[in-house]
Protein chains: 2
Amino acid sequence: MADKRETPLSNPSLKGHHCSVDLRLEKLGMVPFFQDLPEAELREVNKKFTANHYTRGETIYRQGDPSTMLRVVVAGNVKLVSHTSEGQSVLLDMLQPGEFFGNPAASGKEVYNETAETQTAACVLSIRLRDFRDVMNRYASVAMSVLDITTDRLQESRQRIRHLSTLPVKKRLAYILVTLANKFGEKDRQGLLIQLPLSRKDLADMAGTSTETTSRIMSQFQDDDLITSGRQWVAVKDKPELLRISAES
Amino acid sequence: MADKRETPLSNPSLKGHHCSVDLRLEKLGMVPFFQDLPEAELREVNKKFTANHYTRGETIYRQGDPSTMLRVVVAGNVKLVSHTSEGQSVLLDMLQPGEFFGNPAASGKEVYNETAETQTAACVLSIRLRDFRDVMNRYASVAMSVLDITTDRLQESRQRIRHLSTLPVKKRLAYILVTLANKFGEKDRQGLLIQLPLSRKDLADMAGTSTETTSRIMSQFQDDDLITSGRQWVAVKDKPELLRISAES
DNA sequence: CGGTATTTTGATTTAGCTCAACAGACGTGG
DNA sequence: CCACGTCTGTTGAGCTAAATCAAAATACCG
């Protein structure tokens, strides 16, 4: 409605995600659950990973595919989406470099319950599930770290159930914006710019609502000077107020 | 409306939950994540647990309490409920003997995000979080098993998010009844009797809806001969049809 | 047998969905 | 670099599932 300039995201499609061997090893050491692994072991584990590069919007695996690999985002962003038979979609998670996805458990012939798709160009490492379980069995610190992350995700997931069950859309959206700003926000002249292509549809699929309703509420937030937003991007201008809205009685 | 007889649940309040030392050790061996532990180790671990007995409706811990213990249900049932500031409640999980609750991760000064309350008289074992983490560090099989269970719970939780986001109340309730029948159902002349005091409010808090709506839909199911139900109990008569309803387009 | 908690049913209201049309933004090829 | 076509986002109008409010009916408890 007001001053929408060019997309302020740092060129999302061209960042050099080489997936080179150097990058791989360097990044692997930064993955939370390999932090405590000694250099030598890390080098050993690194061998078991395969690197893959994807352009924006590519599908890494589909809901229903047999779950045989565990993957780690090295660069770029990946989203996990669950699709219903009616063609609706639910955005389950939005991943950053360092985060893993695919089932760490399911020691056997399970299938993925969601589709993994790149949100930006991305580099992803894969390890056979069996190999990863060997690593976890050998190094307790890795298993514990994966458990901690999974527990956190369960907590977030339950938080979201609580929100879907009890909060109106406006509050849910306010909360989602705060969360995204915390995770992906970068200081900017607009405020906290969410460094990620983010459409109204994406937000709607996170909040469990329609794009139209999302658009209306985003316009409201914009009018109230809480956010700035354009096509596929959002910047949070007043996080405290959004947080207040999400929690107010 | 039709033939509601006395509560068919096997006397829920009086079952002998002694929480004796014998019972403890026996039951501990049955807990999924201690299955692979050798007898001697199990005996060792057993010492670190404290047993507690609760009557129906007692609170084990409250949302916001510091999370210092990990607990295991030995007998009876425990429910995890999250409360909002407006006094609404969301029923997150309904636990059986053998299941654990409380945060297995959160190595430090976290708090519980939900309240744990007994649904029937129950016997519960507690271990200090620190001690449990020692056990997980020592025995990879325990850590892996806890990870597997947590991963399963995350999947269920995401399934529920999908349902809350995309399905109308009737389908959500149909699915919940199927799930409960699978977990707590016992063959009976009524069909699959859900062996657990289960009010309309409980069902509503699971489905993210109001008791009134729940009651209306349950009446419908009863009219369609899919369930039989009375005060605080439900029996599933036609599980396949309920499943079909939950998934139909 | 009376009292309390649960469940049912009815009437009304409403948040958010759906359908529909339009308007900006992007990028693409001429 | 401009014109066009295609996505993405906005706005409006009506509709509907489910919430809320209200009251009666039923089951269980001592």
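Below, chain A is the first sequence line, B the second, and so on; all start at residue 1.
Atom CD in Gln232(A) sits about 13 Å away from atom C1' in dG24(C), given to the nearest Å. Between Gln220(A) atom CD and dT11(D) atom C1' the separation is 13 Å, expressed in whole Å. Whole-Å rounding puts the Arg216(A) CZ to dT18(C) P distance at 12 Å. Here dG9(D) presents its C1' atom at 13 Å from CG of Asp202(A), a figure rounded to the nearest Å. The distance between atom CD1 of Ile217(B) and atom C1' of dT7(C), rounded to the nearest whole Å, is 15 Å. Between the CD atom of Glu212(A) and the P atom of dG9(D) there is a distance of 12 Å, given to the nearest Å. What separates CG of Leu198(B) from C1' of dT7(C) is a distance of 13 Å, to the nearest Å. Straight-line distance from the CZ atom of Arg56(B) to the P atom of dC29(D): 9 Å, rounded to whole Å.
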Check your understanding: Which string of ( ) [ ] | and . matches DNA chain D, if you list each base 5' to 3' and count Watson-Crick or G-U pairs only when both distances are under 3.5 Å?
Key -> ||||||||||||||||||||||||||||||
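Taking side-chain N and O atoms only, Thr209(A) has a distance below 4.0 Å to OP1 or OP2 of dC17(C). Checking the phosphate oxygens (OP1, OP2) of dA19(D), a side-chain nitrogen or oxygen of Ser210(B) falls inside 4.0 Å. Look at Ser199(B) and you won't find any side-chain N or O under 4.0 angstrom from OP1 or OP2 of dT6(C). A close approach under 4.0 Å does occur between a side-chain nitrogen or oxygen of Ser215(A) and OP1 or OP2 of dT10(D). A close approach under 4.0 Å does not occur between any side-chain nitrogen or oxygen of Thr211(B) and OP1 or OP2 of dT6(C).
When all heavy atoms are compared, the tightest approach of Met206(A) to Leu198(A) is CE-CD1, 3.7 Å.
Of the possible polar contacts, none joining the Gln155(A) side chain to the Asn113(B) backbone as a donor-acceptor pair under 3.5 Å is found. Between the side chain of Arg160(A) and the main chain of Leu92(A), a donor-acceptor pair closer than 3.5 Å is present.
With respect to Lys183(B) and Glu99(B), a salt bridge is recorded, a charged nitrogen being found less than 4.0 Å from a carboxylate O. Salt bridge status for Arg244(B) with Glu241(B): present, with a side-chain N to carboxylate O gap under 4.0 Å.
Judged as a ring pair (Phe, Tyr, Trp, His ring centres under 6.0 Å), the pairs with a partner in residues 167-223 of chain A (not counting sequence neighbours) are, in order, His163(A)-Tyr175(A).
Checking Glu58(A), Lys79(A), Arg62(A) one by one against Glu117(A), the side chain to side chain contact (heavy atoms under 4.5 Å, CB included) holds for a single residue, Lys79(A).
For Thr213(A), counting side-chain heavy atoms from C-beta on, the closest listed nucleotide (dA18(D), dC17(C), dT7(C)) is dC17(C).
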